[in-house]
Amino acid sequence: MIQLIRGFKDILPDETPTWQHIEKTATALFQAFGFSEIRLPIVEKAELFQRSIGENTDIVEKEMYTFPGSKAELITLRPEATASVVRSYIQQKLYAKEPVQKLYTIGPMFRRERPQKGRYRQFYQINAEVFGIASPYIDAQLIFMLWSLFERLKIGGLSVQLNSLGCPACRPAFKGALSSLLASKTDDLCSDCVRRLDKNPLRVLDCKVPACQEAIREAPSMIDFLCDDCTGHFDAVKSALHSQKIPFALNPRLVRGLDYYTRTAFEIQTDALGAQNAIAGGGRYDMLVKMLDGPDQPAIGFAIGLDRLAALMMQTAPEKELTPELFIAALGEETRDITFEWSCALALEGVRTEIDFSGKSLKALMKRANRIGAAHVLIVGGAEIESGAVVVRNMATKEQKTIPIDGVVNHIKTYLAT
RNA sequence: GUGGGUGUAGCUCAGUUGGUAGAGCACCUGGUUGUGGCCCAGGAUGCCGUGGGUUCAAGUCCCAUCACUCACCCCA
């Protein structure tokens, strides 16, 4: 038996209605906020991710599916979507038509991590990105939109974590202060953090090893180092969130794993999903468009982890699978042709119809109709054909009615509508 | 990459000090010549994850390996 690859999964029919519900709710909401869909390839040049995400991140160092696309070029299964959206914004010169672009996209991402609950090697995200708006109001609106989505999906137990990562004007001072503090405590840090020290000292802040937590107790907070502009921006975001009654928690430990983030960083967390508690995360990335050879345009975005969101919904409010409205129980060979025609015609009329060709006993057919949740059964045997009328049975009430064969499709539609 | 747990019927699981495999649910047939759920009777179902070893004999003991899973790491 051939099995699927480690870390990959099938999303089966018992779960797809929930996925569809999430996607429909999200896209309707995003469109109401002025977002348009963009569809992008799932492979890009490896260089795109190396330059945007950052060479010394775990993703680029060891988690990307990268392979030769031609003799001279490495291509990569995208580990995230933002880089591709930015690439498209630049390459297609969307900014020339209109610098402000609000875009969303849905699709699979790939990272070669060790799988666990809520973490797969192919996982799905809904991304929303806004280009060309520097105002803190858009930061707040994005978080508001995200929060509204979870409200519409009736998901509780969530918290909004908020932080500011500063900008090129103020982050270096913070990094320096943090680095020198950490350097003095090297002996207390775990081996991972020692390695992070010179590569990405910010990451030490959210290390979960107790010894490291202890070591960074007196660590400086980015918020204390923010320059005037960043402070003003951050304050404006917070007050806009307050005015919209979004509950949020300041979290100085919230550090984005990707290099390109600046200023506002946020995450939506749940307590119901084990260790992988982030179901959405995002932030501002004002430098990235320029870094990738585009115009100097600010940007902000977020990604929702669809797999995790779907897992949450399955626990609380799963969408039900569609069941047949009508099950056609055709008895005997002589009824096969006519019932086959009816089943096709009914389906075209929008009636969810199931027909059984197996020729089993009526008892067996009724059993199957019951099992698959059919609301009504149309019983068609030789006797019915002769008498010119078929029987339709309501499975819940056991009520049965006869319906003339002449114009049967319309008769059934009318019957089902009542 | 590192650590823990688990692999036996479609599903959930039991399996004694080693003696060649079971239950419940689900499925099929019948009890009802053409009527589902409840009930009753009967029936089918397993390379016991895989490979090797010990033994007269291995689901059970030993070694290896793979898969699943949870956690670390990292993140959605």
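A, B, ... follow the sequence lines: proteins, then strands. Residue 1 opens every chain.
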Whichever of A:Arg6 and A:Gly281 has its nearest RNA chain B nucleotide further upstream toward 5':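 Residue closer to the 5' terminus by nearest nucleotide: A:Arg6.
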Nearest-nucleotide 5' precedence on RNA chain B, A:Val380 against A:Ile268: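 Counting from the 5' end, the first nearest nucleotide belongs to A:Val380.
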Separation of the [atom1] atoms in [N] and [M], to the nearest angstrom:
N      : M      : atom1 : value
B:rA71 : B:rA21 : C1'   : 35 Å
B:rU69 : B:rU12 : P     : 13 Å
B:rC72 : B:rC62 : C1'   : 30 Å
B:rU65 : B:rG1  : P     : 13 Å
B:rG10 : B:rU45 : C1'   : 9 Å
B:rG19 : B:rA26 : P     : 32 Å
B:rC63 : B:rG22 : P     : 29 Å
B:rC40 : B:rU6  : P     : 36 Å

From [options], nucleotide with atom closest to [X] side chain:
X        : options                : answer
A:Arg111 : B:rA76, B:rC72, B:rU35 : B:rA76
A:Ala278 : B:rC28, B:rA76, B:rG34 : B:rA76
A:Arg393 : B:rG34, B:rC73, B:rU35 : B:rU35
A:Asp58  : B:rG34, B:rC73, B:rA67 : B:rC73
A:Gln276 : B:rG36, B:rC72, B:rG34 : B:rC72
A:Lys360 : B:rC73, B:rU35, B:rU29 : B:rU29
A:Met366 : B:rA76, B:rU35, B:rU69 : B:rU35
A:Arg114 : B:rA76, B:rG3, B:rU35  : B:rG3
A:Arg371 : B:rA76, B:rC27, B:rA71 : B:rC27
A:Phe123 : B:rA76, B:rA67, B:rC70 : B:rA76

Residues A:Asp139, A:Arg263; criterion salt bridge (Lys or Arg N to Asp or Glu O under 4.0 Å); working and verdict: CA-CA 10 Å; A:Asp139 303 36; A:Arg263 291 193 169 169; over 6 Å; no
Side chains of A:Gln91 and A:Tyr89, donor plus acceptor under 3.5 Å: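 Per modelled atom types, A:Gln91 and A:Tyr89 side chains form no pair under 3.5 Å.
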Working for side chain to side chain contact (heavy atoms under 4.5 Å, CB included), residues A:Ile38 and A:Ser88: CA-CA 9 Å; A:Ile38 183 169; A:Ser88 182; 3.7 Å; yes
Taking atom [atom2] of [N] as reference, at what distance in whole Å does atom [atom1] of [X] sit?
X        : N      : atom1 : atom2 : answer
A:Met395 : B:rG37 : CE    : P     : 9 Å
A:Asn370 : B:rG37 : CG    : P     : 7 Å
A:Gln3   : B:rG7  : CD    : C1'   : 12 Å
A:Asn277 : B:rA71 : CG    : P     : 11 Å
A:Glu384 : B:rG34 : CD    : P     : 12 Å
A:Leu158 : B:rA76 : CG    : P     : 16 Å
A:Gln400 : B:rG36 : CD    : C1'   : 11 Å
A:Arg308 : B:rC70 : CZ    : P     : 12 Å

Side-chain N or O of [X] less than 4.0 angstrom from OP1 or OP2 on [N]?
X        : N      : result
A:Lys398 : B:rU35 : no
A:Gln116 : B:rA71 : yes
A:Arg112 : B:rC73 : no

Tell which nucleotide pairs with [N], taking only Watson-Crick or G-U wobble pairs whose two distances are both under 3.5 angstrom.
N      : value
B:rC61 : B:rG53
B:rG42 : B:rC28
B:rU6  : B:rA67
B:rG1  : B:rC72
B:rG22 : B:rC13

Sugar-phosphate only, base, or nothing, as touched by A:Ile379 at under 4.0 Å among non-hydrogen atoms: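 Counting heavy atoms under 4.0 Å across all strands, the contact made by A:Ile379 includes a base.
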Distance-only donor-acceptor test (3.5 Å): side chain A:Arg119, base B:rC73: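 By the distance-only test, yes, there is a pair.
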Stepwise side chain to side chain contact (heavy atoms under 4.5 Å, CB included) test for A:Val86 and A:Met291: CA-CA 10 Å; A:Val86 173; A:Met291 256 173 57; over 6 Å; no
Nearest-0.5 Å distance that lies between atom NE2 in A:His376 and atom CG in A:Leu416: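 Rounded to the nearest 0.5 Å, the NE2-CG separation comes to 5.0 Å.
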A:Phe340 atom CZ, neighbour heavy-atom count above 12 within 6.0 Å: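 Not buried by this count: 12 neighbours or fewer within 6.0 Å.
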A:Lys9 atom NZ: more than 12 heavy-atom contacts under 6.0 Å: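 Atom NZ in A:Lys9 is crowded, with more than 12 foreign heavy atoms closer than 6.0 Å.
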Side chain to side chain contact (heavy atoms under 4.5 Å, CB included) between A:Met395 and A:Met366, intermediate numbers included: CA-CA 9 Å; A:Met395 292 295 274; A:Met366 292 297 292; 3.8 Å; yes
